[in-house]
Amino acid sequence: MDLLTHLNAQQREAVTASDGAVLVLAGPGSGKTRVLTRRVAWLVLEQDIAPWHILAVTFTNKAAREMRARLDQLLGASRSQRLSLGTFHAICARVLRQESEAVGISKDYVIFDSDDQLRLVRQALKELNLDDKRYRPQAIHSAISRAKNELVPPESYDTGSYYGEIVKRVYERYQAMLALNHALDFDDLLTKTVWLFERNPGVLARYQERYHHILVDEFQDTNQAQYRLLHLLAKRQNSLFCVADEDQSIYAWRGADYRNIRRLRNDHPDLRVILLEQNYRSTQTILDAARGVIRRNPDRTDKALFTEREAGPKIVIREAYDADEEARTVVDTIAQLVAQESAKPGDCAIMYRTNAQSRALEDAFMRAGLPYRLVGATRFYARAEIKDLIAFLRLIHNPADSISLTRVINVPARAIGQKTVASLESAARDLGVSVYDVVKNLPADLGVRAQRALAAFEELVEGWLEVRDSLTVVELIDRVLQDTRYAEYLRDGTDEGEDRWNNILELRSVAAEYAGLPLTEFLAEVALVSDVDSLGDDVDAPTLLTLHAAKGLEFPIVFITGLEEGVLPHSRSLDDGEQLAEERRLLYVGMTRAKDQLYLSYAFIRSRYGDNDPSIPSSFLNDIPSELVAGRSKRSRLGAPSGQRATTWDVKLDAPRVRTGPNYSAGQRVRHKAFGEGLVIESRSDNNDEIVTVLFEDAGLKRLMAGLAALEVLSN
DNA sequence: TGATCGCGCCTTTTT
DNA sequence: GGCGCGATCA
């Protein structure tokens, strides 16, 4: 296959650019990922570059997986597998494992996720006798993280204020505790690698010689540590190829530094800049609307985005009474689009600013009896039972990991209470050893009861340590589950208990998929993977996701909800120009995900922390040229919808048929398209909708919205 | 020690 | 509106 087919002149220029430093400035939907992938293939196939000389960095694991799959096709799996491809974090984790000796860390280090990091900060605060009400662990942690992203070690942390002094002390203690636990946090993966390269010219030279070609996607979202890393690796005049869109920079809060683009220009005077301005995704209407929003940001070079697509339908802006009605309207619209075959459910995406907003949407889908896919949010690996099981594995892998140990030492309850744990921790601190070392060598001042319980726990762990190297990860999981009688503990007869047990089984099957992977790598994989959405890729259902998670994706139909002052833009950004600009970019990213049709909505009442406040439509809406909008909601702000359902927004479609009065009653047999036959248990009115509870023979108990579920009555 | 209840605080966004 | 934390009781 010809690598240059279906590419425009600028894209070809980028794919075949000669070695040196190249910066591709590209708008949304301009095929940047495609260009990046093709360039990798072109280097291998046309320039005879050996795959192991290429390093490609993506922003998410998902993007890496997708690029790998594409390269498998273009190059064949055997060549593609030899490329270094992954996120900065994943690549650094591998380097550190390889060079653990030079870095001076345990080869068996574990990676602490944000949860563990917070626990560690809390513990550091406690040890320093600082009040965690006054010094919020979250805030302290983010200050530490920011320092690390800027490569500032604790000793040179600039205090400048009393608060800064506190951060510095916690930072010092935090790093010491990580070392004690043989652990690295996310930021350490980057900073330790930079540190390694800066201090070991020999090691750096090896990697410089290995990676002749370095390619970076989403360059606008790199932080200082990441830039430093690229700079070090590419210093030997290796070829550096970066793809960026300043307007899609949405991670400043995580340390992403837009100045990296300027740094790149300064560090590479010969930098070649290529612009990709043609958009292959969206209609002209969507592009113009998005441009209207983004052009209000200061200090940007306005890109003249254009498309060869037609204008397409206008943008729909709607006002709903509250979040529930907003959600129902979205679900109704999707149901209509699907019913008239204008779209498949999977073509639709619903985006929002904060994860908390997904609840109303999930409710609406559930009531309508329609399936959906949720990205992120209740993240699989954040569930307590999963974290527990992983903590067991991490403990087995690295008994020095005191955070994991204290997490599971009493799970399931084995009579080791907080008091005992606290005294173990303080003994460990005094002796400068790990908590497990104390367990193995119990202080005499413990009660008999605690002694006995701890001895039993030690025996349990020792048993696992003995078999650790001879068992696969799945076998090890089974052993832990069996020894701790975990199933009995979780399956307490409640539905939640069953759910939790199923999650455990799912983790087990993930481990089975990674068959043959050593425990070390399995744990690294689990720590660095955030999205398990690969699970439901085959389901034809609408996708619910945050605007951040939407980056890099595209959908024919996009709904963006919660366009209110305080939500989007978020209230925490209202008083800061930089942050406000980032909120604007966030909306821009969301809008430009849409290929064909864009729906924007806001609610008149938004409930925050339980109480309802009237809201103001987002000021960003005013920046969308009105000729691109199909008409705004004309809802009168008189209060909650009483009799009539909202049908005032101006769309070409008829409002959904809402049945009035009850149409179903308990005892009826009904049939549903997807769930099959079942028995009506209950029917009641909620707002204007009839909510029918049906016990389906196969699908079990479901609550459905009669207006949407299209139940066929079989008998009374 | 472990279960239960009430209180306060919270919420950006993710590798 | 929910979750974690601390106080309180079996």
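In what follows, chains carry the letters A, B, and so on, assigned in the order in which the sequence lines appear, proteins first and then strands, with residues in each chain numbered from 1.
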Item to check | Tyr227(A): side chain to side chain donor-acceptor pair (under 3.5 Å) partners, not counting sequence neighbours | outcome: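 Checked Tyr227(A) against side chain to side chain donor-acceptor pair (under 3.5 Å); matches are Asp267(A).
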Checklist entry - Taking only residues two or more places apart in sequence or in another chain, which ones pass side chain to side chain donor-acceptor pair (under 3.5 Å) with Tyr436(A)? => result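 Partners of Tyr436(A) under the side chain to side chain donor-acceptor pair (under 3.5 Å) test: Glu462(A).
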Checklist entry - For the side chain of Asn355(A), counting heavy atoms from C-beta on, which of dG2(B), dT13(B), dT1(B) is nearest? => result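 In terms of side-chain proximity for Asn355(A), the closest of dG2(B), dT13(B), dT1(B) is dT13(B).
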Item to check | From dT1(B), dT15(B), dT14(B), nucleotide with atom closest to Arg449(A) side chain | outcome: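 Given the options dT1(B), dT15(B), dT14(B), the side chain of Arg449(A) is closest to dT1(B).
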Next on the checklist: Go through it in stages, so that I can follow the logic: the residues are Trp253(A) and His548(A), the test is ring pair (Phe, Tyr, Trp, His ring centres under 6.0 Å), and I'd like the CA-CA distance, side-chain angles, deciding distance and then a yes or no.
Outcome noted: CA-CA 12 Å; Trp253(A) 54 273; His548(A) 281 89; 5.8 Å; yes
For [N], take OP1 and OP2 only and decide whether either is under 4.0 Å from a side-chain N or O of [X].
X         : N       : value
Thr546(A) : dT14(B) : yes
Asn410(A) : dG2(B)  : yes
Thr420(A) : dT1(B)  : yes

List the atom pairs, with distances to 0.1 Å, where a side-chain N or O of residues 420-427 of chain A and a protein N or O form a donor-acceptor pair under 3.5 Å, not counting sequence neighbours.
| from | atom 1 | to | atom 2 | distance (Å) |
| --- | --- | --- | --- | --- |
| Ser423(A) | OG | Thr420(A) | O | 2.9 |
| Ser426(A) | OG | Ser423(A) | O | 3.3 |

Item to check | Aro-ring/base stack Trp253(A)-dT13(B), d under 5.5 Å, angle under 30° | outcome: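 Stacked: centres under 5.5 Å apart, planes under 30°.
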Give me, pair by pair, the N or O atoms of the protein and of nucleotides 7-11 of chain B that are less than 3.5 Å apart, along with how far apart they are.
| from | atom 1 | to | atom 2 | distance (Å) |
| --- | --- | --- | --- | --- |
| dT11(B) | O3' | Arg572(A) | NH1 | 3.2 |

Checklist entry - Given the rule in the salt bridge (charged side-chain N to carboxylate O under 4.0 Å, His left out) test, do Asp247(A) and Arg585(A) qualify, once you have shown the distances and angles that lead to the verdict? => result CA-CA 6 Å; Asp247(A) 291 332; Arg585(A) 291 194 291 268; over 6 Å; no
Checklist outcome for this item: Writing each nucleotide of DNA chain B 5' to 3' as (, ), [, ], | or . by Watson-Crick or G-U pairing under 3.5 Å yields |||||||||......
Next on the checklist: Before we go on, tell me: are the rings of Trp195(A) and Phe197(A) under 6.0 Å apart, centre to centre?
Outcome noted: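 Aromatic pair excluded; centres sit 6.0 Å or further apart.
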Item to check | Verdict with reasoning, Lys148(A) to Asp188(A), per salt bridge (charged side-chain N to carboxylate O under 4.0 Å, His left out) | outcome: CA-CA 7 Å; Lys148(A) 287 178 152 191; Asp188(A) 282 336; 2.9 Å; yes
Checklist entry - Going by atom types alone, do Thr58(A) and Glu218(A) pair a side-chain donor with an acceptor below 3.5 Å? => result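 Thr58(A) vs Glu218(A): no donor-acceptor pair found between side chains.
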Item to check | Boundaries of the chain A footprint along DNA chain C (any atom under 4.0 Å from a heavy atom) | outcome: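 Reading along DNA chain C, I get dG1(C) to dC5(C).
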